[in-house]
There are 2 protein chains.
Amino acid sequence: MQYPLKDPIKRWSDSIPAPCAACGVRDSVFCSVLSDQELQRLSSFAFNVSQDAREIIFSEGDSADHLFNVTEGLVKLYKLLPDGREQITGFLFSGDFLGIAMNDTYAYSAEAITPVRLCRFNRKDLEGMFQQTPHLETRMLNMASNELAQAQDQILLLGRKTAKERLCSFLLSLSQRSERRGDSATVIPIPMGREAIADYLGLTTETVSRTFSKLKKENSILVSKGGIVEVPDLELLATLAEDSS
Amino acid sequence: MQYPLKDPIKRWSDSIPAPCAACGVRDSVFCSVLSDQELQRLSSFAFNVSQDAREIIFSEGDSADHLFNVTEGLVKLYKLLPDGREQITGFLFSGDFLGIAMNDTYAYSAEAITPVRLCRFNRKDLEGMFQQTPHLETRMLNMASNELAQAQDQILLLGRKTAKERLCSFLLSLSQRSERRGDSATVIPIPMGREAIADYLGLTTETVSRTFSKLKKENSILVSKGGIVEVPDLELLATLAEDSS
DNA sequence: CGGTGCATTGATCAGAATCAATGATCGTGG
DNA sequence: CCACGATCATTGATTCTGATCAATGCACCG
């Protein structure tokens, strides 16, 4: 569950101008469509900020003034009910964009699970850039489409899947993300704790833990130190994710 | 549960050119941003189609060649698991737009619950129109944002709410929709059956029915002939939707 | 008038939640 | 470097909500 920043000593103070050209995630889905010149314009209103684990980035209902790109660390997006029940609607890893689904106010809260670094954009500035850079808006629409498709998968999961199917679906999606980033599809680090997984899958920590144990016992997964899961048979996992017979 | 087309005799054959100017839903969220001239261009590749109840409009995985505007009737969007479990991800009423969340293929299936009329657009044509009409793309992004926020509400509902809270949330959203359309917020027609409600709320028909009965017994709602629900106290309903003590 | 499809209600079951205790891991400070 | 405390994960016992199985009721339609 350790996930220190690569440079843990020099904690960036708030709001340092962001040198897009030197950014580690400049090839992220969001920035990759921009030319060098456009990237330069972007950096004129982009600022790096960093936050410690458990710090809140923004809360549901706040005026939606900023959009972000996660450059390092892990973020959870979540909604709360009055009595404290929590539902995590998504996890953001480095390279992920934060701020698609919002109108005047944020529709959900965002909190750093690990220490994070963010590239923060002023919303008005970014929207202003759409005028000269319509393909940026096209990209945003594209991203929104993908988010929506993902949200619908999650709706299916929460509405109709069993605990086992949910956990397998979750592991599968982590595996696919890992693969997309060029890492192993079968050796998957799990950077969030059991409670976060439970709040994401609509379960309790106990059920998540028990389900992990079941999967271990039947050799569908192997769990090694540091919360790293190994999946010997991805096909099997995919089956279990839809049909946990 | 009756919901006949206003003109049930003359069933439109497939693909009749759509006269946008005379369209009953030209003020829908989708078309309302267009000038008369732009609307005319839109009609050049818009076709009216109609479908009977239970007819499938498209299936998950189909090549996403068309987008639609629902001009009359009720549509369900849903996803299936291999063993037949169904999760409805949304209902579309007349004026609603169909086709936001898609890439190359549809991410979900769409089926007519009642007889429907649709205005069908070729996707390539519509995307082509974005070039000359960037504010149409802005509108699409806006709609996608709203859809995403709605999807997240549904994720909270499915992940963390009780049966009673789910049903109250559902009635509340129907009430708000009714109000937005200029109809009564307290007298709500329920155009879909118990099974569809169950598949939308991640429950079974029996649980939906029982929960309706409970709400009736405690006088939170009144149900009259034709499946019309009356809500004497919207505030109370809103409370029950988040905190079914 | 009878049949078909949908809604309601009842009895029982099962999966996950809750309550409770123990165990493992990590960071801290002596 | 080890011991302690804190946090997090695991496991067990029991409860409870909603699912399942089953029967009856109701409304609309031919």
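Just so it is clear: chains get the letters A, B, ... in the order the sequence lines come, proteins before strands, and each one is counted from 1.
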Engineer: Round to the nearest Å and state the distance from Lys217(A) atom NZ to dT10(D) atom C1'.
Structural biologist: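 After rounding, the reported distance stands at 11 Å.
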
Engineer: Would you mind telling me which residue lines up with the more 5' stretch of DNA chain D, Arg54(A) or Val208(B), judged by nearest nucleotide?
Structural biologist: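 Here Arg54(A) is the residue nearer the 5' end.
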
Engineer: Under 4.0 Å from OP1 or OP2 of dG18(D): is there any side-chain N or O of Thr204(B) that close?
Structural biologist: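 Looking at the OP1 and OP2 atoms of dG18(D), neither is under 4.0 Å from any side-chain N or O of Thr204(B).
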
Engineer: On the 0 to 90° scale, with breaks at 30° and 60°, tag the Tyr106(B)-Phe58(B) ring pair as parallel, tilted or perpendicular.
Structural biologist: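 Taking Phe58(B) first and then Tyr106(B), their aromatic rings lie parallel (interplane angle under 30°).
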
Engineer: Using 4.0 Å as the upper bound for N to carboxylate O, is an ion pair formed by Glu111(A) and Arg54(A)?
Structural biologist: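 No, Arg54(A) and Glu111(A) are not salt-bridged.
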
Engineer: So, for Phe170(B) and Tyr200(B), is the gap between ring centers shorter than 6.0 Å?
Structural biologist: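 Yes, the ring centres sit under 6.0 Å apart.
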
Engineer: In plain terms, say whether Lys76(B) and Glu86(B) are close enough for a salt bridge, that is, a side-chain N and a carboxylate O under 4.0 Å apart.
Structural biologist: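 So Lys76(B) pairs with Glu86(B) through a salt bridge.
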
Engineer: Over how many whole Å does the gap from Leu215(B) atom CG to dT9(C) atom P extend?
Structural biologist: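 For the pair Leu215(B) CG and dT9(C) P, the rounded distance is 13 Å.
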
Engineer: For Glu165(B) and dT17(D), what is the distance between atoms CD and C1' respectively, to the nearest whole Å?
Structural biologist: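 Atom CD in Glu165(B) sits about 12 Å away from atom C1' in dT17(D).
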
Engineer: Rounded to the Å, how far apart are Ile190(A) CD1 and dC8(D) C1'?
Structural biologist: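 That distance rounds to 15 Å.
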
Engineer: When you measure from the centre of the six-membered ring of Phe91(B), is the NZ or CZ of Arg177(B) closer than 6.0 Å and no more than 45° off the axis?
Structural biologist: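 No, Arg177(B) and Phe91(B) do not form such a contact.
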
Engineer: The side chain of Ser209(A) lies closest to which of these nucleotides: dA9(D), dT8(C), dG18(D)?
Structural biologist: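 For Ser209(A), the side-chain atoms sit closest to dA9(D).
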
Engineer: Counting only heavy atoms not in Glu235(B), do more than 12 fall under 6.0 Å of its CD?
Structural biologist: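 12 or below, so no.
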
Engineer: Between Arg160(B) (CZ) and dA16(C) (C1'), how many Å, whole number?
Structural biologist: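 Value for this atom pair: 11 Å.
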
Engineer: Could you state the CG-P distance from Leu158(B) to dT17(D), rounded to the nearest angstrom?
Structural biologist: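 Atom CG in Leu158(B) sits about 19 Å away from atom P in dT17(D).
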
Engineer: Atom pairs, N/O to N/O, protein against nucleotides 19-25 of chain C, distance under 3.5 Å?
Structural biologist:
residue: dC19(C); atom: N4; partner: Glu206(A); partner atom: OE2; Å: 3.0
residue: dT25(C); atom: OP1; partner: Lys225(A); partner atom: NZ; Å: 2.6

Engineer: To the nearest Å, how far apart are Met192(B) CE and dA7(C) C1'?
Structural biologist: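 Roughly 16 Å, once rounded to whole Å.
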
Engineer: When you get a sec, tell me which of dG18(D), dT8(C), dT20(D) is the closest nucleotide to the side chain of Ser213(B)?
Structural biologist: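 Side chain of Ser213(B) sits closest to dT8(C).
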
Engineer: Give a yes or no on whether a salt bridge exists between Asp199(B) and Arg85(B), defined as a side-chain N under 4.0 angstrom from a carboxylate O.
Structural biologist: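 Arg85(B) and Asp199(B): not salt-bridged.
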
Engineer: What is the nucleic acid contact for Thr162(B), judged by heavy atoms within less than 4.0 Å: base, sugar-phosphate only, or nothing?
Structural biologist: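 Sugar-phosphate, no base atom in range.
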
Engineer: Please give, in whole Å, the distance from dA7(C) P to Ile197(B) CD1?
Structural biologist: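 Ile197(B) atom CD1 is separated from dA7(C) atom P by 8 Å.
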
Engineer: Of all the nucleotides listed (dA17(C), dT8(C), dA19(D)), which has the minimum atom distance to the side chain of Leu203(A)?
Structural biologist: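 For Leu203(A), the side-chain atoms sit closest to dA17(C).
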
